[in-house]
Each structure stands twice: as structure tokens, then as C-alpha cells.
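Working notes, structure below.
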Amino acid sequence: MNTACPGKKSVDEYIVEIVSDAGEGAQKAGQIFGAVSAKMGNGVWTVEIIPAEIKPPARSPAGASGIRVRVGADAITNMGDEANLVVAFNEQVLFGRIANGAYSPGTIILLENKWRNDPDKEIVQQYLNAVEGFTEQGFIVHELAMEEACMAITPTPAVGKNMFVLGILCHLLNRDLDKAAHEIQAIFKRKGEATVALNEQLVRAGCEFAATQLTFNFDIQPLSNDRSLIVTNGNQALGLGVMASGMELVSMYPITPATSASHYIASVFPSVGGCVHQAEDEIAAIGFAIGASYAGKTACTITSGPGLALKTEFLGLAVMTEIPLVICLVQRGGPSTGLPTKVEQSDLLASLFGATGDTPKIILAAATIEECFHFVVTARKLAEQFRTPVILLTDANLATGVQPYPRPQICEEWLAPPIDQSKWDPSIPAYNWDEKTGLSQRPIPGQEGGEYVVTGLSHTDRSKVAYDPASHQKGCAMRSRKIAVLQSTLKPPEIFGEKTGDLLIIGWGSTKGSIEEAVQRAQKEEIKVSAVHLRFLSPLEPGLKKIFAGFKQLITIEINYTDEIEQPYINEESQRYAQLALLLRARTLMDIDSWSHVFGQPIQPGAIYREICRRLGNDHSGSGLTDNNSGE
Amino acid sequence: MNTACPGKKSVDEYIVEIVSDAGEGAQKAGQIFGAVSAKMGNGVWTVEIIPAEIKPPARSPAGASGIRVRVGADAITNMGDEANLVVAFNEQVLFGRIANGAYSPGTIILLENKWRNDPDKEIVQQYLNAVEGFTEQGFIVHELAMEEACMAITPTPAVGKNMFVLGILCHLLNRDLDKAAHEIQAIFKRKGEATVALNEQLVRAGCEFAATQLTFNFDIQPLSNDRSLIVTNGNQALGLGVMASGMELVSMYPITPATSASHYIASVFPSVGGCVHQAEDEIAAIGFAIGASYAGKTACTITSGPGLALKTEFLGLAVMTEIPLVICLVQRGGPSTGLPTKVEQSDLLASLFGATGDTPKIILAAATIEECFHFVVTARKLAEQFRTPVILLTDANLATGVQPYPRPQICEEWLAPPIDQSKWDPSIPAYNWDEKTGLSQRPIPGQEGGEYVVTGLSHTDRSKVAYDPASHQKGCAMRSRKIAVLQSTLKPPEIFGEKTGDLLIIGWGSTKGSIEEAVQRAQKEEIKVSAVHLRFLSPLEPGLKKIFAGFKQLITIEINYTDEIEQPYINEESQRYAQLALLLRARTLMDIDSWSHVFGQPIQPGAIYREICRRLGNDHSGSGLTDNNSGE
Amino acid sequence: MFGLKEDWSLDAPPRYFTLEDYTGNEARWCPGCGGHSVLGVVQRICRDKQLPPEKTVSVSGIGCSSRFPHYMATYGFHGLHGRALPIACGIKSRRPDLNVWVSSGDGDCFSIGAGHWVHAIRYNMDMVLMVFDNAIYGLTKAQTSPTTHQGTKTNTHPLGAPLPSINPLTVTLGVSNVSFVAQTVDWNVPHLYATLKTAYEHKGFSFVRILQRCPQFSEHTYEEYKKDASRLKLLKHEKGIQLDDKITARFPVQHEHDPSDKAKALTLANDLDPIPIGLLYWDPDAPSYSDFTRLGLEMPVDKKIAALNDALDHFAI
Amino acid sequence: MFGLKEDWSLDAPPRYFTLEDYTGNEARWCPGCGGHSVLGVVQRICRDKQLPPEKTVSVSGIGCSSRFPHYMATYGFHGLHGRALPIACGIKSRRPDLNVWVSSGDGDCFSIGAGHWVHAIRYNMDMVLMVFDNAIYGLTKAQTSPTTHQGTKTNTHPLGAPLPSINPLTVTLGVSNVSFVAQTVDWNVPHLYATLKTAYEHKGFSFVRILQRCPQFSEHTYEEYKKDASRLKLLKHEKGIQLDDKITARFPVQHEHDPSDKAKALTLANDLDPIPIGLLYWDPDAPSYSDFTRLGLEMPVDKKIAALNDALDHFAI
Ligand SMILES: Cc1ncc(C[n+]2csc(CCOP(=O)(O)OP(=O)(O)O)c2C)c(N)n1
Ligand SMILES: Cc1ncc(C[n+]2csc(CCOP(=O)(O)OP(=O)(O)O)c2C)c(N)n1
Ligand code: SF4
Ligand code: SF4
Ligand SMILES: [Mg+2]
Ligand SMILES: [Mg+2]
């Protein structure tokens, strides 16, 4: 059954939001909407809007809780720019979103109108003022009696309203109601048939309500796709990846936004024979993981900024002792406790240089949700092959973004074979460094003849403590060499666009979707811009200088802090660079600028597009918003 | 009284070592020798030779314990190259020193000869083999019956031999015996007159012994100097600086090589009303210091690499909350536990980038022992003026090196006035950022009207938690701006040598003395080399690009790891840079190379001189030693 | 001033503080969260003791409970997860004149902060530590804490917490130099008030475990105890927490306990049903580390300069 | 093999381990250091228990005592200061087949490692923790440790340690799930041997505090106790440490103590003169966290793959 009505407009993509007070179920409605869209074959990106407090007060701008769903005919790689339509359960929650630049003139607001008749005069006034203000700002406001309509179906509309809204959206975007019903069954079946039936009824009611109350309606052609897909957020992908990598132990301490990955793993790990250890603190968490890894069971620890800070000393030990280990770092805003729920890409330099002394290690960054899965598998493999800790960087944007992607094919080889317990030839040292590559194989406890003592002190190839110049220099060289060897096996990154041009944008991590969308838009307008996205940060992928040489201007786009050159006291000598820019400048000696913000938000493609235009002197920018209030 | 004998040779400088098993008093003898030389107006540098274990076994190469004293007519700024003369209590302890490149052909060895007649045949054989080997290597061996000679004076020569050796050295270098007697009185007076008399007698006996047994004798003209001097090692200087800075609290956890600074402070702090807090761990140590600083008593925490790693999270908090704090980091070899007693300069990047998120802070590095004193005073001032943590970098070389330098004049202003407890105008926010400079004044608990809540979360100028884009961007900008402002007040570093040339050596920290000595030597030979030494690492001193532009080649010399370009897999793309080099490359986009090692030892001026010659294609190198075994 | 005696001085207008003077930002805990009642009680104690807000510092780690300082109008320090105590001790070290209140959670104090907890007890510096024990990680949404009951399902242990929970009272009592150990509940406000006030009055480190309701994530943990007062055992003694007879009468189970008896305190601490509430242990004479850290605070500058010169003399040549 | 029963197999040459099989690098502790006797005893226990060296892991933190692994010829992990226990627990988590011995110092365990100490007791994983308590920081040259006696002069407290020392036994006994607490001295080798052997045999976390002489920096701490055996109180019980009568006879002070009685254990732990030596507390039935961490160890690959596909199905569209 399809509720499509005549007079529909066909669009390539559409962005909807549902915002409410916390606990009103907006997120569930949006998730189902996203799942249905994905199952219809559309590209989808879902991202939750999370309030700062556990239970913020009702009707407060800071309390906005909700979800954004971007649906497209093509694959969707990011949350997009301003939303096309928002359903709001009260008017207050819209203020925070507006301040964050979530909407632009023309955005449709479907607003619960019960506040108009609230017994509290103050609320009525707030409501009226808001509606007036929204209209003035160019938003198209539809005041709807949604709760009232629900009341016809359920005595407690507060808990059912979200499904009613789902119905409205299904109508407006011609979603397949059978698919929605299917989702509802899956989610609510544990609560009994009555609940399922009620929710289905609400959805259908919402659909009909929209058909009668609203005159517009959009159609999005689905992507034709015959591969089987899964839909997850980045933290679930990480969790699935951990399990598929064959690692049997996740040793962690809770910290937002990393924790939900561990929650997910904890809920399914026993089924694959794994164990989540919640340690007493982050130091113990990494120490425990190192212990297990040393004993042959390469382990994983998952954390965010403040947790990484505490793991610094052990990270240095793992490098020094060449113990394989996977560290998943789900970045959030910093410094210090910073912005716990918000995105930032500002732990790159801390990952690289945080530990004291020389600590070469492998650092990867996932650029998509799908990569969150595959890179964990890669990370484990690299950790073992190169006998070193590997840091996998993701961030709050990937962690909470939801997207369909090809279902991974589990490989038996990913699941490691049982650990080697055969005899070790005692004449082979514990660090039997290949002089050329620094690589070596390690004895695992249980291997007769391999007995050696791991130490964080400077040591010889037999792991004997040694303070002489030659041993220390040798050890440092061997550990560093491995990184060069890995680099020699990598390919140069692919260029998105032409090999030469006026501007090259260099990115890493979760900004890929937005950057490429913006670049593509500019390319369509014959602007000579290309992009390149780095997955390896240590070592860097090879061939960068050559790629860079093809462009007149080079900038990195990153979600971390850089001084802006126009600000007081900031000049060529004092400017502090964005993090990847600093690395690339040192590496290539090319004048790599950066464009970065710390707004706690994903960078929107529109903002990048405008920056491209600004840099190249074409003001194609269609939006009247300035960067400062558009919240990229 | 002066024991100068006819036939003496006049030299500009002379390096002696005394090496023995641990506990034989070599260090005490060397210290007195150094003090006497300083009092005679000579330039002096003393450095202890420390064994790896607390009580290493007797007669073992790894157990060498002792001291090196370099005495010069001019000021001496480093430990120098190969020693001219060494007094050894047994032959075994010389092997480690030889391996470290402490001696070269022509070095005179005064060797205790009692082992020749040892009841243990194996020992006799070891001794004979060693003497033969030493001679073959070109050392000039004098076997002396030192212990036997002591026996004539004391029944327990093992405890008096060191003073006898002091006497020998006093004769050989024409030291003032009255001054030596004076030192002995000061040191031993607590042990009673008999001990003083015995030690004096031993010194005189040693002196006469040398006069009869040895035919050579050197004279070093003293530096004329009418300023009053003090002689300290770098950790004592740090301790004196802490006290002179007016800080009242040192909050620390023991760690080599930083701890001796705290020992010294603990022994005198009560006399200036201060307190050393030994915390339960490094995290608590910095947390406690931050608490006191927050409450108006700017505090200091002293540590080394592994300790810094643990302080990472709190360091980020101090940056975020703009709490003044002084962190003295006495660097040792890394990574991990590394080389606890040995020098390295490998914590620069960890200091800069260790904390997650964007954490601009001030970083200073002392280049001399004298600067260890003055920079603490500066650090406190900067911390308070810029409301930020300041890291002061020193290292194991400065920490244990001993040198005379002008006695600091204590300033009353250094000692802070009592903390401000006057009323605070409540309309002034707690972070009343000057938009232009990022600077602000802070309310101190006790100030009525200033009540505010410090938080590591992103916050507004009133320290209210705020997750909106503008507040976070603003906070980051204000904290970063301060660093630019400090830079604008600094002068470009002075160039040691001509403003243009073929090669500029860029250094930081304890290598200054060696670099400048080497550069001076090369300059005398008309080699066009200059040097520049950085004291500020964050912000960098201004004007660097301009200075660098005057030279054809640019290298940093640092004691930290860099890949060597000739090694397998190491090429322009994969080479990992030395730490300052990386920063300067990013900053200037100039091709700054580096020459660095991680030998756990100070870099010797001779090695630098040879590197200068190698780079500039003039092989003036006089020594046959290669870099690999000369142990710089 | 004007040569008048200090207490005649006209300069010092008497200040009287009302509850508002301690009221900071609106508390953003969930409705029904036990935090609200603790906050109200602390504000009342400040008022009743007339603590100047500028002389009072509220210190915390990270967690729901650690939002406490933001809700006070005094000075405050919302620190790092697990690290409230080092900060608080540092503040007190050279500012013994400040009143320090520390708020921590069961995760903050007993898990990541465990090392500091043990050592702060030993330092015995004058402050009140309030552990808001809701037996769960609240702020990060329902992970196991050291006091989560064995078998309770959490997000990190969906099959149930695998280990018996830690007993914070027995650990605390095991640390030498412990000087004040009390337990109370957020839902009995008079008891909470009396306990925290007594803790404040104790000159030393007061450890107060507050059983705290978290309707959001550990709704059932203390439900029974709240409903049925006989699940609590009120500790009474002339040296203990003093309550109105009216309040005392509400406790069906009462127990006379001399808080100077550590062995008995340990036995009581091991009783989990009924749970002891009141003062378990009190030693007013335990030495305080403050006596060490405050040394030299009043030293005049000239004496310092002289001592500094002496120190330099020692190295003079 | 050849269809023979396993115990008929010709493949498995019997291995017999001698002391040399456990002897690693020459011990570089000072002459007279208590470390030497502990090392000898552990090597003997390994021999007497015929622990395969490859199945034995010696884990430590940093300190003189933490050099221990280097002196064994088994696998070893010389870790970070204070962090031996997390490493050891991690090793055990997925390798319950390994024998784990942990060496720590009084600073390593009770100061920087205090949080892990408390939590490792609670985890109760099968291993022996030996705390070499010399009441001083040895490796870093004589700073105050938590067990340094009040008033003892050290390099960080030249006027004397300001606080009473911590009592590691009472803290340990205060942690729920504690299962084995013993105290011994390095200078009574038979007692040391019997204690560590009993600890090894305990299936759970064995906490053994070893009073250890450090002639270099805390020469006087245990001098009296060594000279005068009546300063030690030997704990005896059929469930306790079993000693030869000849050895027992050397102790003038003896005390019958049932190690299952925790309250009595606490009372004894509080006695500082004479010092109790022997088994203070033993609970063979305390649950072990290993039962949780080892789950799934033997799961076959096909089952894992099936479960992974189920997990993916859950997200399939
Ligand atoms: C170093 C670090 N690790 C983890 C976190 C995440 N975190 C914040 S609060 C918290 C636990 C909160 O539990 P609790 O201490 O019991 O306080 P509650 O919220 O229950 O009051 C955690 C794990 C953090 N902020 N910093
Ligand atoms: C993080 C860190 N902090 C400090 C140190 C320095 N350190 C090494 S051992 C030690 C203390 C040793 O005392 P203890 O644990 O009692 O062992 P002992 O040497 O007495 O056996 C310290 C502080 C370190 N290695 N790492
Ligand atoms: S989650 Fe629990 S502890 Fe946190 S505010 Fe809500 S009720 Fe209180
Ligand atoms: S310093 Fe003490 S503990 Fe360390 S080896 Fe020497 S005697 Fe043993
Ligand atoms: Mg809690
Ligand atoms: Mg010790």
C-alpha cells in the first residue's frame, strides 16, 4: 500500500527533523522513518539531536531532543544542510535548532498547536510570539492539532504522538506504510499485540490526517540496489567490526560518545564468545587489554578524549613493548571535558604525539559508517602484523549517524586461529627484528622456549634491559621503521575530481561525505576544485606531495581549532594550525591552509560549498546565512 | 699553599673523571675538586656517572659510578668530549665508559694496581688483560698503588681512598690545597674533628704521592671574575627558583630524574614557609596543585615523562579553566619507562600536543643551569599573567650537571603579595576576556562577589556550561589568542655568529653549551656556521623565518629520535622528524633537517663539530671515533 | 581604623545570608532525583551556619552528582571524573580558611577515584565528602558501578553485574587515620540534614555516604528501603547524630552505637539489612595533614628573603 | 595418535623442571635485600609444583621489587608503576590456563596503584599478589611510602613522615569479595615458603604482604622484629598456613585463628605489636570474575560466524 496522492512533487532528496522534549519518542519515530526509507532503496542519513542533560526541563530551547533524517534518491553521506521540514512538539525546542542553523527561509514547520490554548497564559504568549517570529524569519508554519487528533485513538496521546507523526511523514514523503507496519511489529512485539495494533493505528491516522490537513507531498525515487544492506550507526558498526575482527575482549570504561559501542557489544558479545570488561578506570581498561593482548588475545579498548588522556602512559608502553592492541577513539569536543556529546576532530595530534618519548604507531580514521566496521578488522590485522598499537579514530558524528551500507561478508580468516602454543626456538630473540623492516614475531605465553620478560625500559632484542647508546638507538629505529614499511605498502589516496585545479580540499574522518558533496556541487558549476581524503594518518598515505602539486590552493577542512588570520594578534607567525594542516605542512613544506571550526557540529556541505566559492572568488553562495550562525 | 711543581704545562681546559664501584666515594671527591676549581675562578662543569642499579655488583662494567669534572680557564658550558685523564678504582668500570666513548687515544688512566696481586686468579687475569687492552687502544696507563699508600694513613683505605685521589688530582692540576681543606671541613665537620683531620691528611698524602710518582702536571689560568657565584646542579637551581618565585607549594610524586629537585626543596622549603606535598600518584599531584592554584596559591608540580603522561588529563583541564600552574618537566629517555636516569629531549611534542582537544599553553626550555633558576620565576609570572599552565622543560643533563654561575639577586616582587581578597565587582565575569588579547583577571575564592564555578566543560565568560557553537568557538579562540599575544612581546632569538652563512644550527634546551662550543670551534676555522637557541617553544620566538633565510642549510640538533635518511625504507616521504624540526617545518615551510640521536647522553661538542664539517664537506674531524661509538 | 578596636570598627556591616545567597543555577537533575534534597540540605546548612558564600567552595568530579557546584552560588570547582578529592585537598592545603564541600558519585569516588578516596581519608583534611550513591552510573546512562548490586542488569552487563558490590563503609573504616564515617539517605531530609551538619562541624575529613535515588536508571535500588523504614537501622548515641525525638520515632529499628568504637562500627558496616544509618565512626583526634601543609602560611616576606639568601649562601663559592 | 589412548602416547616426554629452569638474570638487588629470599622461595614453589615455565607469568609494576620478573626464567611482564594488577588481570581474563604471580611494592600497590589494588581484590581472579613492603620507596631512593612509619625521616619528609602509616591488611579486609589475606616476613624463609605456597594453591586472588628488609634505605624498620621473634605473632589453624613443628617452635607468640572469621581477622590486622603473621582470612568460595571473563573461550568458529550473521541480520533491511 502506498499513500501517494496526486499533485506530488518529485525531489532528489529531502531532510526532515522531528524535535520534542526529551522522552517524547521523536527519535524512535525518526528511526523507523529512516529504516523504511532505506528498505525502499533510498539513500538515508539519520542523526540524533541530543539534549545536554539527562532530563532537561520541558519546553526549553536547550532541551531539544529529536532526530534528523535525510532521504535521497542517491546515496546520502552526511546530515546535509538546512532541513526542508520539521515537526515540532512545542515551539521552544525550535529556538536551539534555529540558533544552530538547522533551518533556512522556506523550511516547513509542522507545529503542535495545543499551546495556543494552554491554561498558563505565559505559555500561550510564548507560543504566539514564537509563531510570529518564525513566520518573520521566512519559515512556513503549519499549526496542527496533532495531540488532539491522537486523543481520538488513545487516552495517552503523549506516548503515541510520535507514531502519529511518523504517519504524517509517511504521507508527505510517500513512504510504504506496510514497511512501516513491519518495523513497528519488530520493535513493539515484546510489548504485546495491543501495543503493536495501537501504534499501527496511530501511523495510519497520522497519514490520513496529513492527507486532509496538508496539501503538499514529495516523491523521492529510490536508488536501485540489489546488494543486501544493513543500517547501523557508527558505534554499532564499530561493535560489529570488533566482533568480526575476531577480538574476544573489549576492555573499556564508560565515556560519551564511545560508550554506546560497548553497550551494543555487551549485548551480543556472549553470542560470539567475547567479553566486555568494564574496568575501574581508563588506565586499568587499557592495562587489562594490554595484558590480554600480551597473552595472545589481541584486545580492544574503546574511549573518547579524556579517556585517551588517561591511557597515555600505557599507550607508550604498548609502543615500547610492541604489543598489538586496538584503540577505538570516538572523538568528541575538547579540550578537557569539553563538549561530551558533540563532534570534533581534535584528538589527532594527541593520538600521534600524546605519549612521551618517541612513540610511532599506526593511526587510521574511518570516513564513513561502513568504514567503522571494516577498519576495526583492518586495525586488528595491522596491530598483529606490525606488532604495535593501532588507533582507530571515529567521532560523535559517525557514532550517532545512521546509514544503510552493503552488508559485510564475514570472513573466517578475520576470526584469528587459536593462538599459537607450539614450541618456540629459543635461539630466536623475542624481538627478532628484521633489520630492514623492524618487523618481528612474538612469543606468546604458553610457547615453550619463548620465555622472555616484557619491559618498558630500553631493551635489547632479547628484551634485556639495556641503557647503552646502541641498544636504545636500535630499538627506537626498529619501532619507527615499521611505520615506514607500512607506508611503502599503501597506495596514494584517490582524488575526488580532476588531478589539477585551483583548489584541493584535504580531509580526514567523518567530514568526507560533506566535503565531497560540496565539491561535487562546485564541480558541476565548473569550479576547479577537487578533494582528497586521508584514511591513514600515521603513516600518511604516500604520494601526497605529487597530488598537492597539481593545485593552486591547498586547504584542509577539519573540525578542530585553528586561529583565523584576520583576528587580532593572529598573523603568519602566530597562527596555530588545524591538526592535519600542521602535519601536512611539516611533511610537504607546501603552504597548506585550513578552514576549520569548533562548532560542535558536523560541517555542512553548504558551508563548505560557500567556502570553496569564497576562496575562488566566485560568490555562488545561495544562502544568506553567514558561517557564524549557520552552525557548521 | 700551592703544590705547583716546575715543568708544568699550561692548558686552557682539562677533563678528569674518577670512576669506581658504587659507594666508593668517587662523586664526593669530584664534587670537592669541582668546588675548589670554581672557587679558584675557573669555569667548571661537573656531571655524575650513575650506575643503573641501586647497588650494582663490584667490579662490573655496568656498575661504573663516578664523576666527570671539566675545568677551564674560560666559562665551561657542557661536559665536553673525551676525558684527558681518568682515575679508576678498578679496571672493569672503565669498559662501560670506553664503550660510551668517554676516552680517546692519549687519555691518561691512573689505575689502582692492587688487583695485580689479588688472591683470585681470575681477577688477576682480568686485570692484566685489561691493562694490555687499554694500552693497545692508545690510552696511557699508569698503574698506581693508591690503596696501599692510603693504608699507611688509615686502616680502612676503602673509605678514604677517594680523598687520596682528590689529593692526586689537586697536584696534577695545581689546585689550591687550602681551599680543598676548607671544603673538607664544611662537609665533614658533623662527623667530628678526627674525620676532618684524617681526610685532610689523605688529601695531602695523595698530593705528595702524585708529586713523586707522576711526572706531569697542568696549569689552568683562572677566569678573572668579581661577581659572586654559586655552584649548583640544575635540580637545585630549579628548587631555588621555585622558592624565589614565591610559590609556596610543590605537589609531586617521586620520579627520576626529577625527584632530587623535590628532595632539595623539601629540605629547605620550611625555612621560606613552603610545603612539598608528595601525592599518592601523579594525577593527584597535579590535581592538588591545581586546587591550590585555583585558590590563589599558584603551585608547581615537578615530574618526568611517565609522570607527564599521567598528568595529561589535568593539564587539559588547567588550559580549559585557565588556571595558572607551573609544571617542571625534567626530561629523561623514552618512550615508556625508557632510560630513567639518562638524558633525552623527547617530550616536546607531548608537552605541546599531549592533551586532547586544543590546548594552547606556554612552554619554555632552560638552556643552562642558571636558566633553571630564572625560568621558574618567569614561568610563575607568565602563568599568572596569562592565566594558563606553563611547562618548563629541563632534562637529566641539566639536572645532574654542576656549574658555577652568578648568584641571583632575590627580588621582593618575585614573592607574590598576599592573595587578593578584596571585593570583586559581580558585574565582571569570571573570564572577563579582553576580546583582543584573550586575557582576563580571575576571582580568587574569598573575594566577595566573584563566586563562579570552574568547569572543564565548554563555557561562557561567566563560566556557565554552554554547548552552543559560538561559545565554544569563542572560548577556544580566547585561549589561543593569549599565546599569540605573548609572542608579540618576545624578541627574536640572538644569533650566535654571523647573520648569514652556509649552515645554521637550531637548538633548544641543554644542548646549548655543546652546540655553541662546536660552532665556535668551527667559526675559528672560518667555517660559515652560526647557531640559534630557542627558549620559547610555545609560542615560538618571532622572526625565525627571517633568521633562517640567511643560511643555506638549516638543521636542528636535538636529543630525540629521527629516522636517518640512509636507512632502509626511510625516504623523503617516510622520514619521521626530530621534534623541534617538525614544528619549525610546519611553521616556516623551510627545509629544516635535523641531526639527532637517542644515545641517552648529552651530545658532545666534538660530535657536533664533526657533523658541521661533514655537512659542509670539510673533513676537519680530528677524532677517529665514529658517531656510533662516540656516545654523544 | 581611626585607632579603634577592631570590633568597634564601623567598616564591617553585618551580613546575613539567606537561602538565595547559596542558590545557583536551577538544578537540572531529573524530577525525583535524590540530588535535589541533598542540594536543599546543604544550602540550609550553609545558611544556618552563615558560611560566607565567598569563603565556601563546592568541589566535584564528573557525573550527575558532580553537577552540584553549578547549583550553588558559592565558589565551585566542577573538576574531572574521579578527581574531586585531589583538587579539594589542594584547595584546603594552603587555604585552610575556606569551607570545602565535595560532591562525588559512586563511580566517581569508588571506581575511577578509588585511589584518591583511600588517600584522602588518610590525609584527614577538614572537609565534607558527600558520596551520592545511586548504585549506577547516571550521567553516562546506566553502566555498572562498584555499588551496583550483583545481578542487576545494566548497559555494560545486560546479563547482570557479575560481582558482589563493594562496601564503601568497610573500606573507609579500614584506612588508618579515618576520622568520621556516616551513612544517610536522601529521602529522610531531617536525618540528611543532621548528618551533613554534624559532618560539617567535624574538624577533619567527613565521609558521608548518601543512599541516593535515581528514578531514571536505578529506580528499584532503594525503593524498598524508602517504603519500609524498618529496613533502616538508626544508629543513636550521645556522640552520634542528634535528631528530634519526633524524627527518631519514625525509625522502628534503632541501635545504640558508640561511634568511637571502630570494631563495632565495622560489624555494623557489614550489616546490609537493615542498613545502618547515622554516625558509624568518629575520632576527633586523628591528626590532620593540614597541620603539615599550612606550615609557614603566615611567614613575613623579610623572613622569606633572609631564608632564601641563606639557601643561596649554602651554594656560594 | 595411532588411535592410542592419550596416556599411552609416546609423544609427551616427561619434563622435570629444576630450579635452574626458573632462574633468570642474576638478581641485582642490594646485598641483604629481602627480595633475594622471596625470589628463591618463588622459584622453589614453581619447582615443587612443577609449573611449566612457559605457562607461568611473573607480572610487576615499577620499583626494586618489580624487577622480580627479570630474575625468573618464566614469561614476565615488567609493566608500569602501579599498574601490575590491571595487566595481570587482563592476562588471566582470557588465559585462565596461565599461572600468574604478581610482584609489587608498597608504593606501587598502596600509593599509585591503590585503586587497582582495591578492585583486583574484588575481581578475585586466580593469582598471587606479593607486596614487598619495605615501608619506603627503594628504587627512587628513599621517599615516604604509605607504609612508612609516622615520623620516619625520608628524602621527601626530612622532618619525618607526617601521617600514620596505612594498614594494608585492614583496607584489604574491607573490600567485599576478598578471599585470601596473609602476612609474612622475608627473613623467615620457611614461613615465607609455606605462605606463598598456600597462596598459590588458593583458587582466587591471594593477597600476601611480605614485610621486606631494605638495608639500603629502611634498615631499621624491621630490625627489631627480626632480632626478637616475640614481636611476631604466629597465626595457627588447621585451615591456616601449615608449618613444621620445628619451625613453629621458634615463635614465642602464637595465636590460634580461624581464617574464615573475618571479624577476628580485622581485630588481628589492627594489632601492630606483635605483628600477626600467617593467614588472616580465607574464603575459598568467593565468586571469581574469571568465571565471567572466560565465557565463550572454547566457542567453535562456525558458531561464532553464525552468531555474527545473526547480529548482522538484526540490522538488515
Ligand atoms: C576520564 C573520564 N572517564 C569517563 C568519563 C565519563 N563519565 C562521566 S560521569 C561518569 C560516571 C558517573 O557515575 P557516578 O560517578 O556514579 O555519578 P552519577 O552520574 O551516578 O551521579 C562517567 C563514566 C569522563 N567524563 N571522564
Ligand atoms: C608513573 C611513574 N611515576 C613514578 C615513577 C618512579 N618510581 C619508580 S619506582 C617508584 C617507587 C618505588 O617504591 P615501591 O613501590 O615501594 O617499590 P620498592 O622500590 O620499594 O620495591 C617510583 C616512584 C615511575 N617509574 N613511573
Ligand atoms: S540520571 Fe539519576 S542521578 Fe542522574 S539526574 Fe537523573 S535521577 Fe538523578
Ligand atoms: S634499595 Fe632496598 S629494596 Fe631496593 S634493592 Fe636495595 S635493599 Fe632492596
Ligand atoms: Mg552514581
Ligand atoms: Mg617499597
Side-chain angles (χ1 to χ4, degrees), chain A residues 35 38-39 228-232 236 240 243-244 246 248-249 251 268-275 277 279-281 283-297 299 313-314 317 404 407-408 410 412 415 424 443 445-457 464-465, chain D residues 15 24-25 52-59 62 67 69-70 72-95 97-98 115-116 118-119 289 292-299 301-305 307-317:
Chain A
K39 291 197 174 169
S228 61
L229 299 178
I230 59 171
V231 180
T232 72
Q236 289 161 335
L240 287 164
M243 293 189 288
E248 295 168 17
L249 177 71
S251 178
V268 285
F269 223 5
S271 74
V272 297
C275 164
H277 170 55
E280 59 269 30
D281 62 19
I283 299 177
I286 186 172
F288 195 98
I290 286 175
S293 292
Y294 158 75
K297 300 282 190 174
E313 192 193 8
F314 255 128
L317 179 77
R407 177 187 174 120
I410 305 296
E412 191 171 330
L415 307 179
W424 179 275
Q447 289 193 278
E448 192 186 327
E451 296 86 353
Y452 76 110
V453 181
V454 158
T455 178
L457 286 162
K464 301 291 178 201
V465 174
Chain D
R15 291 164 75 202
N25 294 346
E54 74 274 13
K55 286 281 200 181
T56 304
V57 189
S58 168
V59 182
I62 301 282
R67 286 287 176 122
H70 292 283
M72 296 286 291
T74 64
Y75 278 93
F77 199 130
H78 181 205
L80 293 180
H81 189 40
R83 317 298 172 190
L85 287 169
I87 296 169
C89 293
I91 292 172
K92 200 78 194 175
S93 69
R94 299 297 281 182
R95 292 298 305 274
D97 57 314
L98 299 174
H116 309 309
V118 167
H119 284 273
Y289 188 55
F292 174 78
T293 61
R294 71 193 296 164
L295 284 176
L297 258 185
E298 309 296 336
M299 189 177 284
V301 171
D302 51 351
K303 219 181 136 194
K304 290 187 185 189
I305 292 180
L308 265 165
N309 277 315
D310 283 353
L312 289 173
D313 285 347
H314 182 79
F315 297 104
I317 55 173

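In this text the structure is predicted, and so the values were computed from the model without any measurement. We name chains A, B, ... by the order of the sequence lines, and we start the count at 1 in each one.
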Nearest-0.5 Å distance that lies between atom SG in A/Cys275 and atom CZ in D/Arg294: 12.0 Å
Main-chain N/O of A/Gln447 paired with D/Tyr75 side-chain donor or acceptor, under 3.5 Å: yes
Distance, nearest 0.5 Å, that separates OG1 of D/Thr74 from CD of D/Glu54: 10.5 Å
D/Phe315 vs A/Leu240 side-chain heavy atoms within contact, under 4.5 Å: yes
A/His277-D/Tyr289 aromatic ring centre distance below 6.0 Å: yes
Contacting moiety of D/Asp310, where chain A heavy atoms sit under 4.5 Å: neither
A/Glu248/D/Lys304 ion pair, N-O < 4.0 Å: yes
Region of D/Leu312 that comes under 4.5 Å of a non-hydrogen atom in chain A: both
Chain D contacts, top residue of A/Asp281, A/Ile283, A/Leu249, A/Ile290 (heavy-atom pairs, under 4.5 Å): A/Ile283
Portion of A/Ala284 that has a non-hydrogen atom of chain D nearer than 4.5 angstrom: both
Most contacts with chain D, counted as non-hydrogen pairs under 4.5 angstrom, among A/Ala292, A/Gly449, A/Gly446: A/Gly446
Part of D/Asn309 within contact of chain A (heavy atom distance under 4.5 Å): both
Engaged part of A/Phe269 at the chain D interface, taking heavy atoms whose separation is under 4.5 Å: neither
Max heavy-atom pair count under 4.5 Å with chain A, selected residue of D/Gly296, D/Ala311, D/Pro86: D/Pro86
Contact class of A/Lys297 relative to chain D, heavy atoms under 4.5 angstrom: side chain
Residues A/Arg407 and D/Asp313 bridged, charged N to O under 4.0 Å: yes
Part of D/Arg95 within contact of chain A (heavy atom distance under 4.5 Å): side chain
Side chain, backbone, both or neither of D/Val57 within contact of chain A (heavy atoms, under 4.5 Å): side chain
Which atoms of D/Thr293 approach chain A - backbone, side chain, both or neither, heavy atom under 4.5 Å: both
Engaged part of A/Pro270 at the chain D interface, taking heavy atoms whose separation is under 4.5 Å: backbone
Note, A/Phe288 side chain near D/Ile91 side chain (heavy atom, < 4.5 Å): no
Stepwise salt bridge (Lys or Arg N to Asp or Glu O under 4.0 Å) check, A/Glu448 with D/Arg15: CA-CA 12 Å; A/Glu448 192 186 327; D/Arg15 291 164 75 202; 3.4 Å; yes
Under 4.5 Å from any heavy atom of chain D - which part of A/Ser271: both
Proximity breakdown for A/Tyr294 and chain D, heavy-atom pairs closer than 4.5 Å: side chain
From CG (D/Leu295) to CZ (D/Arg94), nearest 0.5 Å: 8.0 Å
Region of A/Leu457 that comes under 4.5 Å of a non-hydrogen atom in chain D: side chain
Which of A/Val454, A/Ile286, A/Leu317 touches chain D most, by non-hydrogen pairs under 4.5 Å: A/Val454
Contact winner vs chain D - A/Gly291, A/Gly450, A/Gly296, A/Pro404, heavy-atom pairs under 4.5 Å: A/Gly291
Validation row: D/His78, D/Ile62 side chains within 4.5 angstrom (heavy atoms): yes
Shortest non-hydrogen separation from A/Pro445 to D/Leu98 and the atoms involved: CB-CD1, 3.8 Å
D/Ala316 versus chain A, the contacting section by heavy-atom distance below 4.5 Å: both
